[in-house]
Amino acid sequence: MLQTSIALNRVTESATIKMAQLSRELAAKGVKVISLSLGEPDFSSPDHIHQAAIDAINTGKYDSYSPVPGYMDLREAVCAKLQRDNNLAYKPENIVISTGAKQSLFNVFASFVNPGDEVIIPAPFWVSYPEQIKYCDGIPVYINTSVESGFKMTADQLEAAITPKTKFLVYSSPCNPTGAVYTRDELASFVAVLEKHPHVHVVSDEIYEFLNYEGKHVSIAEFPSMKDRTIVVNGQAKGFAMTGWRIGYIAAPAYIAKACDKFQGQVTSGTNSVAQRATIAALLGSLEPTYKMREAFKQRRNMVFELMKDIPGFKCGLPTGAFYLFPDISYYFGKSVNGQTIGNAEDFAMFLLNEAHVAAVSGDGFGAPDCIRFSYAASEENLKEAFRRIKEACARLV
Ligand code: PMP
Ligand code: GLU
């Protein structure tokens, strides 16, 4: 039998994907599982996006390979979007379109991380950052935050984490899994630190840009001293309800885009042609559907936050972005039901799956072993029922 590679052995299975799979398996057995595990909008992609894909297919012009970094007019549309929404000026040579933001991130790490390079990741973080970095033989360096600090790192923590080996700082704002959003002032305090350490580059994951419930999105690339040191990562999955279309992109200095283009040219080539055509319509078309979804998510956020308050031992502040609740549930550690004791968040997630038939993701994979993640990208009816079941199941733990 073949041994898996040393690189793969360094990587842990994706906790989000694993839980989604477990919940699908239980549902296939006829159990009425409410899945709050995978972070994906429960809306369809807007009609004008569907129509653009249908039109593209019907022309018969998009059956061939596309250019590796994406169609030129799509890269122009991305530039127009970055100018319109983020006040950022880029040219098509700065843009690489990929098969989801997940690939965009991996392109960057695979193209620039050498063995022993350190990558600073404020925790909690999205599950795939450390694993992709470990695959590339880089070293994730974590900055711990807590519910009390709103799950936000401070400039002092950032300063303390930087060494001569630091290659990147990577974070998402709005954050998956905490929903935390860095303000302009907070970003400015990080910029003041980063200006002292010009060898550190930033991977700014902005895929939840449009799911910000309190203010306007700010990109660290808007700070003039950071533009040439930042790789903006974004994509269609969250703000446009296009998870399955698999379109992500970077905006970066041209030499970085060129490196990612070279890497992508050897692993996937240009991404799906029809999805690229649909993305042009998404980026240049009306944002009304996006704003409507944001409003629906905001209402659900308010609702689940209230429902959660009703459950003893769930500790978390009101998230300001994305579509996750990420409470600390360590109150339940050591409690039991039917001889089964909750030792950690993983046990708690399995308890909820088996006893309440609600799928959520343990915080371990996100670097927060006292927490659990619930995606509230589900119908109000399902959310109400899920939190009713959770409350009932938790009441049995003593
Ligand atoms: N970054 C974050 C923070 C995410 O939550 C996700 C999951 N959607 C991704 C990147 C990857 O997005 P995509 O589906 O475009 O690969
Ligand atoms: N990003 C989503 C999540 O965190 C989708 C799953 C994944 O790609 O990890 O649930």
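Note that the structure is predicted; figures quoted are calculated from it, not measured. Numbers here simply count residues along the sequence, with the first being 1. Counting starts at 1 for both ligands and their atoms, in listed order.
Using a 4.0 Å heavy-atom criterion, the residues that approach ligand 2 are Thr16, Leu38, Gly39, Lys102, Trp126, Asn176, Lys238, Tyr324, Arg373.
Alongside Phe240, the hydrophobic cluster contains Ile49, Tyr62, Tyr71, Leu74, Val78, Leu82, Leu88, Tyr90, Ile95, Ile97, Phe210, Val232, Met242, Trp245, Ile247, Tyr249, Ile280, Leu283, Leu284, Leu287, Tyr291 (criterion: ILVMFWY side chains under 4.5 Å).
Side-chain atoms of Thr183 and Asp185 form no donor-acceptor pair, as typed in the model, at a separation below 3.5 Å. Side-chain contact check for Glu214 and Thr320: no donor-acceptor pair (N or O, by modelled atom type) lies under 3.5 Å. Looking at Lys238 and Tyr208, their side chains do bring a donor and an acceptor atom within 3.5 Å of each other. A side-chain N or O of Glu209 and one of Asn86 form a donor-acceptor pair less than 3.5 Å apart. Side-chain polar atoms of Thr271 and Gln276 form no donor-acceptor pair below 3.5 angstrom. If you check the side chains of Gln132 and Ser128, you find no donor sitting under 3.5 Å from an acceptor.
Considering backbone and side-chain N/O atoms, Tyr129 never comes within less than 3.5 Å of an N/O atom of ligand 1. Where the criterion is an N or O separation shorter than 3.5 Å, residue side chain and backbone included, Ser172 fails it with respect to ligand 1. For ligand 1, the polar-atom distance check against Gly248 finds no nitrogen or oxygen pair separated by under 3.5 Å. Backbone and side-chain nitrogen or oxygen atoms of Tyr324 are examined, and none is located within less than 3.5 angstrom of a nitrogen or oxygen of ligand 1.
Of the protein's heavy atoms, Trp126 CZ3, 3.3 Å lies nearest to atom 10 (C) of ligand 1. For atom 7 (C) of ligand 1, the nearest protein heavy atom (residue, atom name, distance) is Lys238 NZ, 3.3 Å. Considering only non-hydrogen protein atoms, atom 12 (O) of ligand 1 sits nearest to Ile207 CD1, 3.4 Å.
Residue-ligand proximity, Arg246 to ligand 1, at heavy-atom distances under 4.0 Å covers atoms 13 (P), 14 (O), 15 (O), 16 (O). Listed by number with element, the atoms of ligand 1 under 4.0 Å from a non-hydrogen atom of Tyr208 are 3 (C), 4 (C), 5 (O).
Looking at residues two or more places apart in sequence or on another chain, you find a ring pair (Phe, Tyr, Trp, His ring centres under 6.0 Å) between Tyr182 and Tyr171, Phe190. Residues passing the ring pair (Phe, Tyr, Trp, His ring centres under 6.0 Å) test with Phe351, sequence neighbours excluded: none.
Proximity of Thr243 to ligand 1 is not established, as no heavy-atom distance is less than 4.0 Å. Heavy-atom separations between Glu40 and ligand 1 are all 4.0 Å or longer. Using a 4.0 angstrom heavy-atom cutoff, Gly235 does not count as in contact with ligand 1. For the ligand labelled ligand 1, residue Gln103 lies outside the 4.0 Å heavy-atom shell.
The side chain of Ala237, and not its backbone, has at least one atom closer than 4.0 Å to an atom of ligand 1 (non-hydrogen atoms only; side chain from C-beta on). No part of Gln236 comes within 4.0 Å of ligand 1, judged by heavy-atom distances.
Of the options Leu38, Val127, Leu105, Asp205, the smallest heavy-atom separation from atom 3 (C) of ligand 1 is shown by Asp205. Summarising the contacts of atom 5 (O) of ligand 1 with Asn176, Asn234, Thr16, Val170, the nearest heavy atom is found in Asn176.
Contact annotation: the side chain of Ile34 never approaches that of His357 to less than 4.5 Å [non-hydrogen atoms, C-beta and beyond].
By the 4.0 Å N-to-carboxylate-O rule, Lys152 lies close enough to Glu186 to be salt-bridged with it. Taking the charged nitrogens against the carboxylate oxygens, Arg388 and Glu385 do have a contact shorter than 4.0 Å, which makes a salt bridge. In this structure, Glu93 does not pair ionically with Lys258, as no charged nitrogen and carboxylate oxygen lie closer than 4.0 Å. Salt-bridge formation is detected for the pair Arg10/Asp137: a Lys NZ or Arg NE/NH1/NH2 atom is positioned less than 4.0 Å from an Asp or Glu carboxylate oxygen.
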